Amino acid sequence: DSLLQGETLVHEFSHNQLYGMMEAGPFLETDGEALYYSPWRVDPRPLSGILLGAHAFLNVAHYIIRVAEAMNYPGEELGPVQEDAALRYYQCDLALKEISANGRITERGQALMKSLRGSLRALYQKVMSFPEEARNSARAAVDRHKNQYRISRGGYHRSTFKEAAL
């Protein structure tokens with residue numbers, strides 16, 4: 001479908017955009033092999049990968065909302081689109097918290113994080129206008145993912161990787 005195709009283009013462009021910005025210098029000081037919870041994957045990821053995901057999915061969420069507003073979807077089609085945007089909001093919120101809690105963020109990284117948090121706040125305003133059902137369903141999906149991740153990593157105790165308080 002065209003929304004998914006557009007989402008994919010925005011996602012991949014966002015990765016390329018951030019990779020380009022990384023050429024000027026790092027956003028995070030490397031932390032060796034440390035891995036952390038990622039709201040998009042079942043395996044732990046380095047913070048740099050989580051940062052790439054947050055940047056991409058924030059852009060994707062804003063894109064989804066803009067398309068939904070422009071297309072004036074009927075109610076039965078709008079609900080899943082709103083749920084998808086809300087899902088991206090909750091995932092990005094967790095990702096930015098994970099980076100903030102565990103990352104050694106450079107000066108350039110601080111500026112990027114400030115921009116990402118501003119984008120997240122703008123997204124929050126939109127998501128909170130969605131029907132409660134869409135928000136609750138997205139939140140439940142994020143909670144299921146966190147629980148599956150914890151179980152797959154041996155439960156709620158710490159393993160060989162770092163995990164922020166979720």
Side-chain angles (χ1 to χ4, degrees), residues 1-71 80-127 130 134-135 137-139 141-146 148-149 152-153 161-164 166:
D1 83 35
S2 60
L3 183 62
L4 180 58
Q5 289 173 346
E7 180 178 331
T8 301
L9 288 172
V10 168
H11 179 100
E12 295 306 325
F13 174 79
S14 296
H15 283 331
N16 286 323
Q17 182 183 41
L18 196 59
Y19 281 129
M21 292 188 305
M22 287 176 176
E23 291 294 317
F27 296 114
L28 300 167
E29 294 180 23
T30 60
D31 56 357
E33 299 297 318
L35 300 175
Y36 303 87
Y37 171 73
S38 168
W40 302 284
R41 308 254 318 219
V42 295
D43 55 328
R45 306 289 297 154
L47 289 177
S48 60
I50 297 168
L51 180 62
L52 280 163
H55 180 261
F57 283 112
L58 274 169
N59 286 316
V60 164
H62 284 288
Y63 166 77
I64 291 169
I65 291 169
R66 284 192 304 273
V67 168
E69 291 171 347
M71 297 297 292
V81 173
Q82 290 175 323
E83 184 178 328
D84 189 32
L87 175 67
R88 302 308 178 196
Y89 164 77
Y90 292 122
Q91 291 170 326
C92 290
D93 183 48
L94 283 175
L96 293 181
K97 287 176 180 172
E98 190 79 14
I99 294 164
S100 293
N102 296 292
R104 291 190 325 262
I105 303 169
T106 66
E107 188 175 323
R108 292 183 75 246
Q110 292 292 343
L112 176 63
M113 290 294 287
K114 181 178 180 181
S115 174
L116 294 176
R117 282 191 210 89
S119 181
L120 187 70
R121 280 191 300 277
L123 187 57
Y124 173 82
Q125 297 301 319
K126 294 284 189 176
V127 168
F130 295 168
R135 294 190 323 262
S137 182
R139 188 67 173 153
V142 168
D143 290 344
R144 280 191 305 276
H145 183 269
K146 285 191 302 189
Q148 289 169 348
Y149 174 84
S152 73
R153 310 263 42 101
F161 59 92
K162 296 179 182 177
E163 182 176 321
L166 299 175

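The first residue of the sequence shown is numbered 1, and numbering continues consecutively from there. The figures here come from the full heavy-atom set of this structure, side chains too, leaving out hydrogens, waters and symmetry mates. Here the structure is a predicted model, which means the values were calculated and not measured.
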Quick one: does Arg66's side chain get under 4.5 Å of His62's, heavy atoms only?
yes
Assess whether side-chain contact (heavy atoms from CB on, under 4.5 Å) is satisfied between Leu112 and Ile105, documenting all intermediate values.
CA-CA 10 Å; Leu112 176 63; Ile105 303 169; over 6 Å; no
Quick one: are Ile65 and Phe130 in side-chain contact, heavy atoms under 4.5 Å?
yes
What is the distance from atom CH2 of Trp40 to atom CG of Leu87, rounded to the nearest 0.5 Å?
10.0 Å
Roughly how far, to the nearest 0.5 Å, is CD1 of Ile99 from OG of Ser48?
9.0 Å
Interatomic spacing from CG in Asn16 to CG in Leu52 - rounded to 0.5 Å
10.0 Å
Taking atom CD of Glu29 and atom CG of Leu47, what is their separation to the nearest 0.5 Å?
12.0 Å
Determine the sole option in Ile64, Asn59, Val67 for which the side-chain contact (heavy atoms from CB on, under 4.5 Å) test with Glu7 is passed.
Ile64
Carefully, step by step, assess Asn102 and Tyr37 under the rule side-chain contact (heavy atoms from CB on, under 4.5 Å).
CA-CA 11 Å; Asn102 296 292; Tyr37 171 73; over 6 Å; no
Is the backbone N or O of Tyr90 less than 3.5 Å from a side-chain atom of Arg139, with the two atoms forming a donor-acceptor pair by type?
no
Under the criterion side-chain contact (heavy atoms from CB on, under 4.5 Å), which of Gln110, Arg108, Arg104 is the partner of Thr106?
Arg108
Full working for ring pair (Phe, Tyr, Trp, His ring centres under 6.0 Å) between Tyr19 and His55:
CA-CA 11 Å; Tyr19 281 129; His55 180 261; 10.0 Å; no
Less than 4.5 Å apart, any side-chain heavy atom of Val60 and any of Asp84?
no
Considering all heavy atoms of both residues, which atom of Glu83 and which atom of Ala134 are nearest to each other, and what is their separation?
CG-O, 3.8 Å
Sequence neighbours excluded, the answer for ring-ring contact (aromatic ring centres under 6.0 Å, His included) partners of Phe27 is none
By the salt bridge (charged side-chain N to carboxylate O under 4.0 Å, His left out) test, which pairs, at least two apart or in different chains, include something from residues 39-58?
Arg41-Asp43
Close side-chain approach of Tyr149 and Pro44, heavy atoms under 4.5 Å:
yes
Starting at CZ of Phe13, measure out to CG of Leu18 and round the result to the nearest 0.5 Å.
11.0 Å
Shortest non-hydrogen contact from Ala61 toward Ala85
CB-O, 4.2 Å
Pair Gln91-His145, side-chain contact (heavy atoms from CB on, under 4.5 Å): steps then yes or no:
CA-CA 10 Å; Gln91 291 170 326; His145 183 269; over 6 Å; no
Within the 4.5 Å heavy-atom criterion, are Leu123 and Asp93 side-chain neighbours or not?
no
Would you say Ser119's side chain and Ser115's backbone share a donor-acceptor pair under 3.5 angstrom?
no
Contact summary for Ile50 and Ala95, nearest pair of heavy atoms
CG2-CB, 3.6 Å
Here the pair of heavy atoms bringing Gly6 nearest to Tyr63 is CA-OH, 3.2 Å
Can you confirm whether Met71 sits close enough to Leu3 that some side-chain heavy atom of one is under 4.5 Å from a side-chain heavy atom of the other?
no
